[in-house]
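Worksheet: one structure, shown below.
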Amino acid sequence: MRGWTEERIRDLVSRLETFREGCRVTTLAEVERESRSPFQLLVSCIISLRTKDEVTNAASRRLFQLAQTPQALAKLKPVEIAKAIYPAGFYRTKAAQLQQLASLLCAEHNGAVPANERDLLRLPGVGRKTANLVLGLGFGVPAICVDTHVHRISNRLGLVSSTSPKETEQQLARWLPRDLWIPINDLLVTFGQNRCHPTSPRCSGCPVTDLCPRVGVTRHR
DNA sequence: AAAACGGGGGC
DNA sequence: GCCCCAGTTTT
């Protein structure tokens, strides 16, 4: 992307890493510390729907006390799942979805999470964001996980110029150094949650204003 | 009372 | 591409 040399993106990443160290709430860093399995990542993704990350993490941990594998989860009653994840909201829908997913994995994938994008995307409730997160963090396969934070901030910073998450993913894949594909998600998500908010970016005091072409612009797609 | 929390699916 | 979906927590 125009203006983004390798040196510049490395500088950005380095500063976002420093920024993250000062954040109370981080996302994937926390997940990584807990060494979650691909299945657990998948479950967390589904719980995270319309739910704050702190709440998602707490709900996930409670559910994992009951079941850590598709086999175990498939045996739980939906009401037990719902109870475990309750504060995350939409608990009945999510419970049904989680159980359906666990059962399907047992029935059609020998109780394992598939390690390729095509099969992941066929699972109910799994789209590009979830599939790429599981591929990246769960299996170590270079994949760019684009959620709303990554989409918004990639556009603000001019890393891409796109109107959809899918387009953002494609544009990033075109030039972003491959070793950054996995870590870029957590860096931008943490930055997005703690500073570069959707409607109020708080540019004053931002650690990367000098790299940002849209300082002070508060309206974004 | 209102806002924030976001991705997948169906068409 | 556009619309729909579903509840809790925070302000």
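Quick note on labels: first sequence line is chain A, next is B, and so on, each numbered from 1. Just the heavy atoms: all of them, side chains too, but no hydrogens, waters or symmetry mates, feed the values below.
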Separation between the C1' atoms of C/dG7 and B/dG10, rounded to whole Å | 22 Å
Taking the P atom of each, how far is C/dA6 from B/dC11, in whole Å?
-> 16 Å
Residue whose nearest DNA chain C nucleotide is more 5′ - A/Thr93 or A/Val55 = A/Thr93
Between B/dG6 and C/dT11 - P atom distance, rounded Å = 15 Å
Which pairs with one or both residues in residues 76-105 of chain A pass salt bridge (charged side-chain N to carboxylate O under 4.0 Å, His left out), sequence neighbours excluded?
-> none
By side chain to side chain donor-acceptor pair (under 3.5 Å), A/Arg15 pairs with (sequence neighbours left out) A/Asp11, A/Asp210
Is there a path from A/Val55 to A/Leu63 through hydrophobic residues (I, L, V, M, F, W, Y) whose side chains come within less than 4.5 Å of each other?
-> no
Set of ring pair (Phe, Tyr, Trp, His ring centres under 6.0 Å) partners for A/Phe139, sequence neighbours left out | none
Could you give the distance from CD1 (A/Ile81) to CG (A/Leu98), rounded to the nearest 0.5 Å?
-> 6.0 Å
Going by the salt bridge (charged side-chain N to carboxylate O under 4.0 Å, His left out) test, which pairs reach into residues 120-132 of chain A, not counting sequence neighbours?
-> A/Glu117-A/Arg128, A/Asp119-A/Arg122, A/Arg128-A/Glu169
Can you give the dot-bracket line for DNA chain B, where a pair is Watson-Crick or G-U wobble with both atom distances under 3.5 Å, crossing pairs use [ ], and | marks a partner on another strand?
-> |||||.|||||
Base versus backbone protein contacts along nucleotides 5-11 of chain B [heavy-atom cut-off under 4.0 Å; B, S, -] | BBBSS--
Terminal contacting nucleotides, 5' and 3', DNA chain C versus chain A (heavy atom, 4.0 Å) = C/dA6 to C/dT9
Taking the P atom of each, how far is C/dT9 from B/dG8, in whole Å?
-> 24 Å
Sequence neighbours excluded, the answer for side-chain contact (heavy atoms from CB on, under 4.5 Å) partners of A/Ser44 is A/Arg36, A/Ser60, A/Phe64
Among all residues two or more places apart in sequence or in another chain, which pass the ring pair (Phe, Tyr, Trp, His ring centres under 6.0 Å) test with A/Phe39?
-> none
Heavy atom of residues 59-70 of chain A under 4.0 Å from DNA chain C: which residues?
-> none
Taken in chain and number order and not counting sequence neighbours, the residues that satisfy side chain to side chain donor-acceptor pair (under 3.5 Å) with A/Arg8 are none
The ring pair (Phe, Tyr, Trp, His ring centres under 6.0 Å) partners of A/Phe19 (sequence neighbours excluded) come to A/Phe191
Just checking, is any N or O donor in the side chain of A/Gln97 or A/Thr93 under 3.5 Å from an acceptor N or O on the other one?
-> no
Taking atom CD1 of A/Ile9 and atom CG of A/Leu211, what is their separation to the nearest 0.5 Å?
-> 9.0 Å
Give, for atom CG of A/Asp186 and atom SG of A/Cys145, the distance between the pair rounded to the nearest 0.5 Å.
-> 10.0 Å
